[in-house]
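Here's the structure, in structure tokens; my notes come after.
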There are 2 protein chains.
Amino acid sequence: MRLQQSQLKTPSRIPSDPLQRAWVALGRVSQAIQCHVESALKDAGFPELSWYTVLWELERAGKPTRPKDLAIPLFILPYQLSRLVDRMQSEGLVKRIQCEEDKRGHMLEPTAKGFALRKAMWAVYAPAMDEAMKRIDDKEALKLADLLNKLGGIEHTDCSDKG
Amino acid sequence: MRLQQSQLKTPSRIPSDPLQRAWVALGRVSQAIQCHVESALKDAGFPELSWYTVLWELERAGKPTRPKDLAIPLFILPYQLSRLVDRMQSEGLVKRIQCEEDKRGHMLEPTAKGFALRKAMWAVYAPAMDEAMKRIDDKEALKLADLLNKLGGIEHTDCSDKG
DNA sequence: CTGAGATTGTTGCAATCGCAACGAAACCTC
DNA sequence: GAGGTTTCGTTGCGATTGCAACAATCTCAG
């Protein structure tokens, strides 16, 4: 989760100007874009993006899934997920199913209402994402994704996240 | 602040696969990197990055500054800044100075303690940023910054944000 | 089998957040 | 200069968050 701190060999390096530029741009732009999509969802009366992501991840798994198996890909802490599921469950969007193999935990499964909500949210989410990203073309988007994935230490793969 | 919603001509476009890839990468990577730096600061016993940013912006201005003039570049809501300043003031890091020209507001100014803290934080912040971004080289960083700024609708300028 | 230790998930509490409402001063129009 | 509107900044309140502590179960060496 957390990247490693520099070792003896690298005594407190100051980031180069290009790195600082990239850092600043990354912070500002990701915030702006994220905010744009969140606002679109909220304006449409939908819950926040994390709800969508949980529903989508469950749907994508195609079978009841343990919280711990969700937490890692979602890059979210266990207690955060626990409470997120609390709220979603109280809205009738997911179910907690007794888990036989491991009685500590349980399986998560979206309800019909959960499926429906995810689909409805996508109808707002997709255009909002498209609108937020329209300033770059497909070629630039691929280049951007590659650079970001390299930055994040993720090799170029073909797993797509489309809904 | 909020980007414009699509018009009649563009009926609910679905983002292309490259755009979706870029979107996903942007979310994941910016979160990971941000998290890495925040952890480094916390582990060193320092407050969160937003405190640094406020102090830095004030220092960069070089003169007492109105909250509203800070809120825009910081991309933060007025009430968020108001409470952030409350906390920072109660730690003796900034002062609110009576503003003569406009009696609704006030000026913000870092204290000596504020200056010192920002400098101390940079000693942790800089290496953490460098560590988090070391997977890309300067050339890639510039390309990344350009793409991000284009995505965010910011033209390439020479204003640097280095501390 | 047994007890130490790791894993899974939840919860009490205090801190922080978003929202909407607010007070006060500035601005603007007639 | 009176009255309506806008801007600046704050605040009450309920929802959400992070942290550390926790219970329950699983794992596994001896």
Side-chain angles (χ1 to χ4, degrees), chain A residues 1-2 31 34-54 57-58 64-91 93-109, chain B residues 1-2 31 34-51 53-54 57-58 64-91 94-109:
Chain A
M1 206 74 141
R2 205 150 92 230
Q31 190 189 357
Q34 192 87 8
C35 175
H36 170 67
V37 170
E38 291 282 10
S39 300
L41 287 172
K42 174 167 309 188
D43 291 353
F46 287 126
E48 57 186 50
L49 206 42
S50 55
W51 290 40
Y52 178 93
T53 313
V54 167
E57 211 65 33
L58 287 175
T65 306
R66 299 282 297 273
K68 60 160 184 153
D69 298 323
L70 236 52
I72 286 89
L74 255 40
F75 197 48
I76 173 183
L77 263 18
Y79 72 80
Q80 295 173 319
L81 183 56
S82 177
R83 285 188 160 135
L84 183 48
V85 170
D86 283 350
R87 273 168 258 149
M88 292 179 69
Q89 189 176 31
S90 78
E91 296 287 337
L93 298 169
V94 295
K95 275 182 303 190
R96 282 191 236 235
I97 314 169
Q98 163 80 22
C99 175
E100 293 308 328
E101 308 105 56
D102 186 340
K103 297 225 189 88
R104 287 170 300 186
H106 47 246
M107 305 292 207
L108 298 177
E109 197 178 36
Chain B
M1 207 71 144
R2 207 149 91 231
Q31 191 190 355
Q34 193 86 10
C35 176
H36 170 68
V37 170
E38 291 282 11
S39 300
L41 287 172
K42 174 168 309 190
D43 290 353
F46 287 127
E48 57 186 50
L49 204 42
S50 55
W51 290 40
T53 313
V54 165
E57 210 65 33
L58 286 174
T65 306
R66 299 284 296 274
K68 59 161 183 155
D69 298 323
L70 235 53
I72 286 88
L74 256 39
F75 198 49
I76 170 185
L77 263 17
Y79 72 82
Q80 295 173 318
L81 183 55
S82 177
R83 285 189 162 135
L84 183 48
V85 170
D86 283 350
R87 271 167 260 150
M88 293 179 70
Q89 189 175 31
S90 78
E91 298 286 339
V94 295
K95 275 181 303 188
R96 284 190 235 238
I97 313 167
Q98 163 80 24
C99 175
E100 293 309 328
E101 309 105 56
D102 185 340
K103 298 229 187 84
R104 286 170 300 185
H106 47 247
M107 305 293 208
L108 298 176
E109 198 179 35

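Within every chain, numbering begins at 1; the chains are lettered A, B, ... in the order of the sequence lines, protein sequences first and strands thereafter. Worth knowing before you read on, the calculation uses all heavy atoms, side chains too, and leaves out hydrogens, waters and symmetry mates.
- Between A:Arg96 atom CZ and C:dT10 atom C1' there is a gap of 9 Å when expressed in whole angstrom units.
- Between the side chain of B:Glu48 and the backbone N or O of B:Glu38, no donor-acceptor pair lies under 3.5 Å.
- No donor-acceptor pair closer than 3.5 Å links the side chain of A:Glu109 to the backbone N or O of A:Ile97.
- Judged by distance alone, with hydrogens and angles left aside, the side-chain atoms of A:Ser82 form no donor-acceptor pair with the main-chain N or O of A:Pro78 at under 3.5 Å.
- Among D:dG9, D:dT17, D:dC8, the nucleotide with an atom closest to any side-chain atom of B:Arg104 is D:dC8.
- Among all heavy-atom pairs drawn from B:Gly105 and B:Cys99, the shortest one is O-CB, 3.6 Å.
- The phosphate of C:dT11 has neither OP1 nor OP2 within less than 4.0 Å of any side-chain N or O from A:Tyr79.
- As rounded to whole Å, 14 Å separates atom C1' of C:dT8 from atom CD of A:Gln98.
- Pairing each heavy atom of A:Glu100 with each of A:Lys103, the nearest pair is O-CG, 4.2 Å.
- Between A:Lys68 atom NZ and D:dC26 atom P there is a gap of 12 Å when expressed in whole angstrom units.
- Contact check, A:His106 against C:dT10: a side-chain N or O comes under 4.0 Å of OP1 or OP2.
- Sequence order on DNA chain C of the closest nucleotides to A:Ser82 and A:Lys42 puts A:Ser82 first from the 5' end.
- A close approach under 4.0 Å does not occur between any side-chain nitrogen or oxygen of B:Lys103 and OP1 or OP2 of C:dA25.
- Remark: A:Gln80 is not in phosphate contact with D:dT17, judged by side-chain N or O atoms under 4.0 Å from OP1 or OP2.
- For the pair A:Ile76 CD1 and C:dT8 P, the interatomic distance rounds to 16 Å; values are reported in whole Å.
- Of the two residues near DNA chain D, A:Glu100 and A:Leu84, the one whose nearest nucleotide lies more 5' is A:Leu84.
- No engagement by B:Glu38 is indicated, since no non-hydrogen atom pair under 4.0 Å with the nucleic acid exists.
- Both A:Arg87 and B:Gly105 lie near DNA chain D, and the one whose nearest nucleotide falls closer to the 5' end is B:Gly105.
- Computed from coordinates, the A:Asp69 CG to C:dT7 P distance equals 14 Å when rounded to whole Å.
- Between B:Asp43 atom CG and D:dC19 atom P the separation is 10 Å, expressed in whole Å.
- Comparing A:Asp102 and A:Arg83, the nucleotide of DNA chain C nearest to each residue sits closer to the 5' end for A:Asp102.
- Straight-line distance from the CG atom of B:Asp86 to the P atom of C:dG18: 15 Å, rounded to whole Å.
- Note on B:Pro78: a base of the nucleic acid sits closer than 4.0 angstrom, heavy atoms only.
- Nucleotide C:dA15 holds its P atom 18 Å from the CE atom of B:Met88, rounded to whole Å.
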